Amino acid sequence: MERAWAWKEQYGGRIIEQLKKLGCSCDWDRLAFTMDERCSSAVREAFCRLYEKGLIYRGSRIINWCPDCRTALSDEEVVYSEDKGNFWYFRYPVKDSEEFITIATTRPETMLGDTAVAVNPSDGRYASLVGKTLILPIVGREIPVVADEYVDIGFGTGAVKITPAHDPNDFEVGLRHNLPMIRILNDDGTIGEQGGKFAGQDRYEARKNIVAEMKALGLLEKIEPHAHNVGHCHRCNATIEPLVSKQWFVKMAPLAKPAIDAVVKNKTKFTPDRFAKIYFNWLENIRDWCISRQLWWGHRIPVWYCECGETVCSRETPSVCPKCGGTHLTQDEDCLDTWFSSALWPFSTLGWPEETADFKYFYPTDVLVTGYDIIPFWVMRMMFSGIEYTGKVPFRDVLIHGLVRDEQGRKMSKSLGNGIDPLEIIDKYGADSLRLSLLTGVAPGNDTRFTDAKVEAARNFINKVWNASRFVLMNAKGPIPKIEDIKLQPADRWIISRLQSTIREVTVSMQKYDLGIAAVKLTDFMWDDFCDWYIELSKPALYGEDKERKRAALGVLLFVLDSALRLLHPFIPFVTEEIYSYLPGKRGSIITADFPRYNTRLSYKKEAKAFEGVIDLIKTVRAMKVAVNCPPAKKVRLFLVTDQKRLVCVNKSSVLRLAGASEIEFVASGAEAGEKTVSQVSEIAHIFVPLGELVNLEEERARLEKELERVEGEIARAGGKLANNNFIAKAPKKVVDDERAKLEKYIDMKQKIEKQLKEL
RNA sequence: GGAAGCUUAGCUCAGCCGGGAGAGCAUCUGCCUUACAAGCAGGGGGUCAUAGGUUCGAUUCCUAUAGCUUCCACCA
């Protein structure tokens, strides 16, 4: 408990500070109290059920022990690093023989606990020795030579000393061959009673002494330097010692089977489905789950020991021993692995083991969203726990997302200090921007790099939505007709159709959990179709004299905006909610509004397609102007050869406005447009523009001549530099290459300008 | 050692159940056009890692190779 308070001193302040920032108050004692009360009944229930079914047992296992901190460490708390050490080659004599086996070890002191030497069964060198007995030097113990696949023929001498109590692999070998386990280390890292004359010595002191004695006995063959990975305590950096200890385990085979079946039978589906492979791979190779932890913070194991030797597993704290009636019961000191209680999350949060209304209504849940890195820790354990305790899978879908990495693609971590503070980003760009930036263009299960630029892009889009809405609302004064009552223009039908296909695409994408694609489709529709095209197309009507046309345009604008906001709401919750509250008419909160549904009657495929011809016409005229350097604001006359006269006429005001034209004339051929014209073919029309309309010939000639002069100057400059041998020889290659590239560019420009001048 | 993934424009990444290569950012050109310069219009830029295979056709499917990444195990 003291250590728990020390931990609170170190980290508690920061946690409370963060909670305060978020507007929560926090009281440390109460937090601890709440954890205990709310969760313990479910945890105890789960533990007891497994215990009663014989799925929990207590057994020996190798754990990581830090002799300095005198505590067990979880695998995650062990840091491996490359250490320089030695290989000591020892000779172990064969009983009643002159022969011996040479083994290599990096930890000579563990020989005190050796109970066998292992060789690979297919290793010819040692075949004759398998089954024979060795005499363990110094100790004098008789130990067998066993054959085990674990041994790597090519490594060391091909013979391995086996110390089951102090090495995880040796432990396994020990189990397979029924070898005794002799623990020779004390908790403080000194040699224990089993170490004979070395008892009481520090592990490194004993190592020195043992090597010296082996040398004196003539059994030290050689010493080789050897670099190898050694585990260190993450807190004090001391070398950890694996040693055998009593732990609690859950038998996994009976739990894993139904959990595998559930996914095979599609009761639970992974998205993307490749993650099911990871899930299977884990469950198929699973070992019993060690659930006891030597921590000071967590749920204590609900097991009590009586003086009479009885072990009691109980949901309630027992006051008397059910066997002897004694009252001196002590609870197991160990805590449960945090994942044991986390595995209960889908139902313990709903009140399980009580049959609450929440549990009945919400369980099994629909979808679990999580990162791929915790499939083994959490998803898998929720699955088999849910099936075991409730008889049902805990969720139908598992949506796996990637990790957010830093700008260089590194995992964000405390030690690197490359994490970001979401609150800072929110202050800078807004919460919606952060949310949208993490959703846009990401594929399920793939990692994404966090950059300010992405958040900025999201912010710009949201700003666009805001401004477009402002524009619509600014004009939306007076009565506005409903969409059903409006006589729709071709442009109206086009945007409404585009809205319908967007609704369909977004809906399908979201059903497939392709949120990144949904977000992209939505931004494309909102920005390109609605803002850049439809709003501009609607301006002639909005600014025109015809009141009815104006109200009709507003009706369409509001209809599309309203739908778009509801589509965008899952991606941009706060801003869409705000805008929605300003829309005319009685509306509630957008959060309870229906998500738009695809409506066939509002999909005018043919007319929408035809209208794209008008858009293409406008685009083509714009491009023609840019090509000849005509300012966009300069109005030109358009001469069109087209069989779509009616379509163009209906949209005439829009074409004039958006293409920057003064008038449109329909002609039978280009000749009618005048002698000198520029022409271009668009989808629905062959376009002719009188050259003089596009450019003022005199001004253009002057501009081109000036440009030619400048370009020739550049050619002279670059050419001069490149003609200088010293420059070529001494300047960095990149500079020279750049200069050559510039020269080529200017020569090319010169030719183009000369051609233009000739044609003028 | 076991498993999974990635390699597409200068950068960050989508996409492709096999048939015309995309976005954002950056860059270039021109615009302060009365919602928005955090913007508008237009443009340039890619042998879709490499080598084979299947196919009428491969960036997409298969095999191998290389480089990078992650998870797990672990070096007597």
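Here is how names work: the chains are called A, B, and so on, in the same order as the sequence lines, proteins then strands, and each is numbered from 1. Small disclaimer: the values here were computed from a predicted structure and weren't measured.
Ring orientation note: the planes of Tyr543(A) and Phe471(A) are nearly perpendicular, at an angle over 60° on the 30°/60° scale. Aromatic ring pairs are classed by plane angle as parallel below 30°, tilted from 30° to 60° and perpendicular above 60°; the pair Phe87(A) and His226(A) is parallel.
Nucleotide C11(B) is matched to G24(B) when pairs are restricted to Watson-Crick or G-U wobble geometry with both distances under 3.5 angstrom. Using N1 to N3 plus N6-O4 or O6-N4 for Watson-Crick, or N1-O2 and O6-N3 for G-U wobble, each under 3.5 Å, A35(B) pairs with nothing. Checking C68(B) for Watson-Crick or G-U wobble geometry (two distances, each under 3.5 Å) identifies G5(B) as its partner. Across all strands shown, G30(B) forms a Watson-Crick or G-U wobble pair with C40(B), both key distances being under 3.5 Å.
If you check every strand for non-hydrogen atoms under 4.0 Å, Arg657(A) touches nothing. No contact: Cys630(A) has no heavy atom under 4.0 Å from any strand. When heavy atoms are screened at a 4.0 angstrom cut-off, Arg449(A) is found touching the sugar-phosphate backbone but no base atom. Across all strands, Ala453(A) comes closer than 4.0 Å to no nucleic acid atom at all (heavy-atom distances). Across all strands shown, Tyr543(A) has heavy atoms under 4.0 Å from sugar-phosphate atoms exclusively, and none from any base. Glu536(A) comes within 4.0 angstrom of a base, heavy atoms only. No engagement by Thr451(A) is indicated, since no non-hydrogen atom pair under 4.0 Å with the nucleic acid exists. The residue Asp532(A) sits close only to the backbone: its heavy atoms come under 4.0 Å of sugar-phosphate atoms, none of a base. Note on Ala633(A): nothing from the nucleic acid sits closer than 4.0 angstrom, heavy atoms only. At the heavy-atom level, Ile535(A) lies under 4.0 Å from base atoms of the strands shown. Residue Trp527(A) is classed as a sugar-phosphate contact, given heavy-atom separations below 4.0 Å to backbone atoms only. As judged by a 4.0 angstrom heavy-atom cut-off over every strand, Val472(A) is placed among residues making no nucleic acid contact.
Rounded to an integer number of Å, the gap from Leu658(A) CG to C31(B) P is 20 Å. Put simply, CD1 on Ile62(A) is 13 Å from C1' on A76(B), counting in whole angstrom units. Rounded to a whole Å, the NZ atom of Lys428(A) is 15 Å from the P atom of A38(B). Atom CD1 in Ile374(A) sits about 12 Å away from atom P in C72(B), given to the nearest Å.
Distances shorter than 4.0 Å separate some side-chain N or O of Lys539(A) from OP1 or OP2 on A35(B). For His226(A) and C75(B), the shortest distance from a side-chain N or O to OP1 or OP2 is not below 4.0 Å. Note on Arg274(A): every side-chain N or O is 4.0 Å or more away from OP1 and OP2 of A4(B). Applying the 4.0 Å criterion to OP1 and OP2 of C72(B), one finds that Tyr372(A) has every side-chain N and O outside that range. For Lys625(A) and C31(B), the shortest distance from a side-chain N or O to OP1 or OP2 is not below 4.0 Å. Dashed line: the shortest gap from a side-chain N or O of Asn281(A) to OP1 or OP2 of C72(B) is not under 4.0 Å. Phosphate proximity of G2(B) to Trp282(A): absent, as no side-chain N or O sits under 4.0 Å from OP1 or OP2. For the pair Asn446(A) and A14(B), the criterion of a side-chain N or O lying under 4.0 Å from OP1 or OP2 is met. Side-chain N/O atoms of Lys634(A) include none lying less than 4.0 angstrom from OP1 or OP2 on G30(B). One finds a side-chain N or O of Lys464(A) lying less than 4.0 angstrom from the OP1 or OP2 phosphate oxygen of C40(B). Applying the 4.0 Å criterion to OP1 and OP2 of G39(B), one finds that Asn467(A) has every side-chain N and O outside that range. For C36(B), the OP1/OP2 oxygens have no side-chain nitrogen or oxygen of Arg470(A) closer than 4.0 Å.
The nearest heavy atom of RNA chain B to Arg107(A) and to Phe275(A) marks one nucleotide each, and the one closer to the 5' end goes with Phe275(A). Between Asp167(A) and Asn475(A), the residue anchored closer to the 5' end of RNA chain B is Asn475(A), taking for each the nucleotide with the nearest heavy atom.
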What do the steps show when you test Lys269(A) against Thr271(A) for side chain to side chain donor-acceptor pair (under 3.5 Å), and what is the final call? CA-CA 7 Å; Lys269(A) 275 191 342 218; Thr271(A) 303; over 6 Å; no
Go through Arg61(A) and Asp288(A) one step at a time and tell me if the salt bridge (Lys or Arg N to Asp or Glu O under 4.0 Å) criterion holds. CA-CA 11 Å; Arg61(A) 187 179 108 134; Asp288(A) 284 353; over 6 Å; no
Begin with the C-alpha distance, continue with both residues' side-chain angles, and end with the deciding distance and a verdict on side-chain contact (heavy atoms from CB on, under 4.5 Å) for Ile495(A) and Phe525(A). CA-CA 9 Å; Ile495(A) 191 67; Phe525(A) 170 74; 3.9 Å; yes
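A donor atom on one side chain and an acceptor atom on the other are found under 3.5 Å apart for Lys161(A) and Thr110(A).
Of the P atoms belonging to C11(B) and G46(B), the separation is 13 Å, rounded to the nearest Å. Between G10(B) and C28(B), the distance separating the two C1' atoms is 14 Å to the nearest Å. If you take atom C1' in U63(B) and the same atom in C71(B), they sit 26 Å apart, rounded to whole Å. Rounded to whole Å, the separation between the P atoms of C61(B) and C68(B) comes to 24 Å. Spacing of C1' atoms, U7(B) relative to G15(B), comes out at 15 Å, to the nearest Å.
Of the listed nucleotides (G15(B), C75(B), A41(B)), C75(B) has the atom at the smallest distance from the side chain of Phe155(A).
Nearest heavy atom pair, residue Ala659(A) against residue Ile618(A), reads N-CG2, 4.0 Å.
In this structure, Arg449(A) and Glu407(A) have side chains that are not in contact, with every pair of non-hydrogen atoms separated by 4.5 Å or more.
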